[in-house]
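Heavy atoms only: backbone and side chains are in, while hydrogens, waters and symmetry mates are out. If you're wondering where the values come from, they're calculated on a predicted model, not measured in any experiment. Below, read A as the first sequence line, B as the second, and so on, with proteins coming before strands; counting in each chain starts at 1.
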Amino acid sequence: MDVLPYVVAAWVMLVGLYGIVTSRDLIHLVICLSVVQSSTYVLLISIGYKKGGEPPVFADRPPTARAVDPIVQALTLTDVVVGATVTAMLLAIAVQAHKRYGSLDPEKLRAMRG
Amino acid sequence: MSAAVRRNVFLMFGAGFAALLLWSFGGLPDFGHYAGPYGDILNASSIPERQTTAVVSAINFDYRGFDTLGEEFILFAAVVGVASLLRNLRGERDRRPDDDARGRRVREPSVAVSVLGLGLVGPTVLVGLYVVVHGHQTPGGGFQGGVILATALLLVYLSDTYVTLLRVGPMALIEFAEALGAASLGLLGLAGLIWGTAYMENVLPLGTAGHLLSAGTIPLSSVAVGLAVTGGFAFMLSEFLEQTLVVRRRR
Amino acid sequence: MLQVVVLGMVAVSALAVVAARDPLRQAMVASIYGLVLGILFFVFAAPDVGLSQTVVGAVALPLMILLALAKVRGGEE
């Protein structure tokens, strides 16, 4: 349990990279890229956790020493939303590539020759 | 290189990368024994100093507001990227969407979906506004609430037709909202400069923690970010829908 | 204990997302993966991040994937 979250983060990143390397469809590739991004969120959140931790929200109780670290949460929060927007931009690139070349296979899209 | 060769090369180097990664994770503190002092200081001083009870929002919009400004403009740039990528290319024309033609060929959504969707639009908008406005007290803020509000627009499209979506959320209004949100976040920082302190300093009266009007500029930044994120996601949704339903290749 | 179970679910879901080769199927699995990640963040005492991940990863991202697929598969007249 001491290192399990870090191992899971490494596993998710490697699984996503494998998906990117062996992908035969551009949209599948973009989704695997978002999986790789999510592995960094898991790593960040599990770094800031404290045993018996409570959320860093003090709306109904005084601040305690057991609240988990709020800074990594702030980083991850904006990262999630912005990452989804960048993924949408990559999907737009895939759509335009399909319009131009007629296929989404990365093998067939190699032709950038004039 | 062929697919099999590529996979084998990746497995080989992936094993090496995994070994390095796990070796580096050994140097991290054990899970659950976070030792950094910065987080504890912020937890203890966020209520006395900034009168907010949600520390994460205080970090996003005040302590590290400059990072949020950068993230906001990454979002803005990605939305501009989607707009320029999905523009009408040479050889494409707009045609009226399927559900606007005189002889409708598209089946309308079933009554159950329509009723459920339209019934949920109101509560979704309410929840989204609540999350945006109460960002400085409870978990939430501009980013989450903005996406929830964009989902409400999606519900309108799902429960009725594309034409209804255009009437409820015209493109011009969505673009204006997005630009206004991004610009407001940048200009709110100027209040600090006008007051005589640093850019993005929290200069409005702080109030008392737990009240709606407290924490200075944090709720205003939350609303600006909410506006920008709503406009951004709704704009991307409209662009993709327009590509699917309206743009056609000229024969 | 709950954290160990949810971490296991995250690992299995990530493998399922990559193993689903058809993008349409993968969009649904990605939605489930987003939901499981949101649960993980809630269990790790991060409610802001959990809210953000649930809304984005389970709703907005699969929506974009489906719209891109609709354009690619059925766009031509």
Handout entry: Selection residues 40-53 of chain A - residue pairs positive for salt bridge (Lys or Arg N to Asp or Glu O under 4.0 Å), sequence neighbours left out
Key = A:Lys50-B:Asp40

Fill in the blank from the handout: Looking only at A:Thr22, A:Leu43, A:Val95, A:Ile47, the option with the highest number of non-hydrogen pairs under 4.5 Å against chain B is A:Ile47

Completion exercise
Most heavy-atom pairs under 4.5 Å with chain B, out of A:Ala84, A:Pro70, A:Ala92, belong to A:Pro70

Completion exercise
Taking a cut-off of under 4.5 angstrom between non-hydrogen atoms, the residues of residues 232-241 of chain B near chain A are B:Phe233, B:Met236, B:Phe240

Problem - Heavy-atom side-chain contact between A:Val3 and B:Phe25 under 4.5 Å - result: no

Problem - Residues of residues 5-21 of chain A within contact distance of chain B, non-hydrogen under 4.5 Å - result: A:Pro5, A:Tyr6, A:Val7, A:Ala10, A:Met13, A:Leu14, A:Leu17, A:Tyr18, A:Val21

Completion exercise
When the 4.5 angstrom heavy-atom criterion is applied to A:Val72 and chain B, the contacting part is neither

Completion exercise
In this structure, CD of B:Gln243 is separated from CD of A:Gln96 (nearest 0.5 Å) by 5.5 Å

Exercise for the section: Quick one: which of B:Pro139, B:Gly39, B:Ala3, B:Gly146 has the most heavy-atom pairs under 4.5 Å with chain A, could you say? Expected result: B:Gly39

Handout entry: Atom of A:Pro56, atom of B:Val56 and distance for their closest heavy-atom approach
Key = CG-CG2, 3.9 Å

Problem - Interchain contact, B:Ala18 with chain A, by part (heavy-atom threshold 4.5 Å) - result: both

Practice task
Kindly determine whether B:Gln144 and A:Leu77 satisfy side chain to side chain contact (heavy atoms under 4.5 Å, CB included), including the steps that lead there.
Solution key: CA-CA 9 Å; B:Gln144 294 96 320; A:Leu77 197 151; 3.5 Å; yes

Exercise for the section: Might you confirm whether atom CZ of B:Phe13 has over 12 heavy atoms from other residues, nucleotides or ligands at distances under 6.0 Å? Expected result: no

Practice task
Determine which residues belonging to residues 64-80 of chain B lie within contact range of chain A, meaning some heavy atom pair is under 4.5 Å apart, and list them by number or answer 'none'.
Solution key: B:Glu71, B:Ile74, B:Leu75, B:Ala78, B:Val79

Exercise for the section: State, with a plain yes or no, whether a side-chain heavy atom of B:Phe31 is found less than 4.5 Å away from one of A:Leu4. Expected result: no

Handout entry: Best-contacting candidate, B:Asn43, B:Asn60, B:Leu21, B:Leu85, against chain A by heavy atom pairs under 4.5 angstrom
Key = B:Asn43

Handout entry: When A:Val57, A:Thr78, A:Ile93 are compared by non-hydrogen pairs under 4.5 Å with chain B, the top option
Key = A:Thr78

Handout entry: Pair A:Tyr49-B:Tyr34, ring pair (Phe, Tyr, Trp, His ring centres under 6.0 Å): steps then yes or no
Key = CA-CA 6 Å; A:Tyr49 186 71; B:Tyr34 175 69; over 10 Å; no

Fill in the blank from the handout: If one checks every heavy atom of B:Tyr63 against chain A at 4.5 Å, the contacting part turns out to be neither

Handout entry: chain A contacts, top residue of B:Thr52, B:Val82, B:Leu42 (heavy-atom pairs, under 4.5 Å)
Key = B:Val82

Handout entry: B:Leu22 versus chain A, the contacting section by heavy-atom distance below 4.5 Å
Key = side chain

